[in-house]
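These values consider heavy atoms only, across backbone and side chains, with no hydrogens, waters or symmetry-generated copies.
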Amino acid sequence: MTRTNLFVRIALIIIILVSLFTIIKLQIQFNNLNETRKELESSVLNYKNEIEELKSKIDEPFDDEYVIKLAREKLGYHLPDEIIYYNDLN
């Protein structure tokens, strides 16, 4: 009888320890997945904003103003009658 009682106690302790270990492991995985989800949601938001900016650029009319703006931003060009000042304070 005591031998069976001891076996049941040992088995119960092992089951409790395994359950505790499993719960802790699952909690750590849950926290890691939650952090990953937050990072991915932030990335999705950034990409959505970038898509909106690109859509607005696509929707701009292709006129002289757009060409001048593009030449200034991408190529560094300026109009012939403009005076350009350079800042070397940095």
Side-chain angles (χ1 to χ4, degrees):
M1 177 92 177
T2 59
R3 189 174 217 134
T4 308
N5 195 10
L6 182 63
F7 178 73
V8 169
R9 285 184 182 179
I10 291 173
L12 191 60
I13 290 172
I14 290 173
I15 290 172
I16 290 173
L17 289 176
V18 168
S19 298
L20 215 64
F21 176 75
T22 304
I23 289 171
I24 291 171
K25 182 180 171 188
L26 288 174
Q27 185 65 37
I28 291 171
Q29 286 178 346
F30 176 76
N31 290 341
N32 289 339
L33 288 173
N34 205 9
E35 289 176 15
T36 304
R37 180 183 57 86
K38 287 179 183 179
E39 291 172 4
L40 290 174
E41 285 176 349
S42 175
S43 295
V44 166
L45 184 62
N46 289 339
Y47 286 127
K48 283 182 180 180
N49 291 339
E50 188 175 334
I51 288 170
E52 288 300 319
E53 289 175 10
L54 292 173
K55 282 182 180 179
S56 68
K57 284 184 179 181
I58 288 174
D59 293 339
E60 287 182 16
F62 192 76
D63 56 359
D64 289 340
E65 250 183 69
Y66 176 75
V67 172
I68 291 171
K69 179 181 156 190
L70 193 63
R72 285 179 196 274
E73 289 177 1
K74 301 294 181 183
L75 303 174
Y77 289 172
H78 58 84
L79 295 174
D81 57 343
E82 286 182 319
I83 299 174
I84 307 297
Y85 295 97
Y86 294 101
N87 183 0
D88 291 337
L89 297 177
N90 294 336

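- The CD1 atom of Ile15 sits 12.0 Å away from atom CD1 of Ile10, with the distance rounded to the nearest 0.5 Å.
- To the nearest 0.5 Å, atom NZ of residue Lys55 and atom CD of residue Glu50 are 12.5 Å apart.
- Looking at Val67 and Phe62, their side chains come closer than 4.5 Å, going by heavy atoms from C-beta outward.
- Atom-to-atom distance recorded for Ile51:CD1 and Asn46:CG is 11.0 Å, nearest 0.5 angstrom.
- Glu82 is linked by a salt bridge (charged side-chain N to carboxylate O under 4.0 Å, His left out) to Arg72, counting only residues two or more places apart in sequence or in another chain.
- By the 6.0 Å contact criterion, CD on Glu65 is open, its count of non-hydrogen atoms from other residues, nucleotides or ligands being 12 or less.
- Here Glu41 pairs with Arg37 under the salt bridge (charged side-chain N to carboxylate O under 4.0 Å, His left out) rule; sequence neighbours left out.
- We find the CG-CG distance between Leu33 and Leu40 to be 10.0 Å, quoted to the nearest 0.5 Å.
- Around the CG atom of Asp64, the shell of radius 6.0 Å holds no more than 12 heavy atoms that belong to other residues, nucleotides or ligands.
- Here CD of Gln29 is found 13.0 Å from CG of Asn34. Values are rounded to the nearest 0.5 Å.
- Looking only at distances, a side-chain donor or acceptor of Thr22 sits under 3.5 Å from a matching main-chain atom of Val18.
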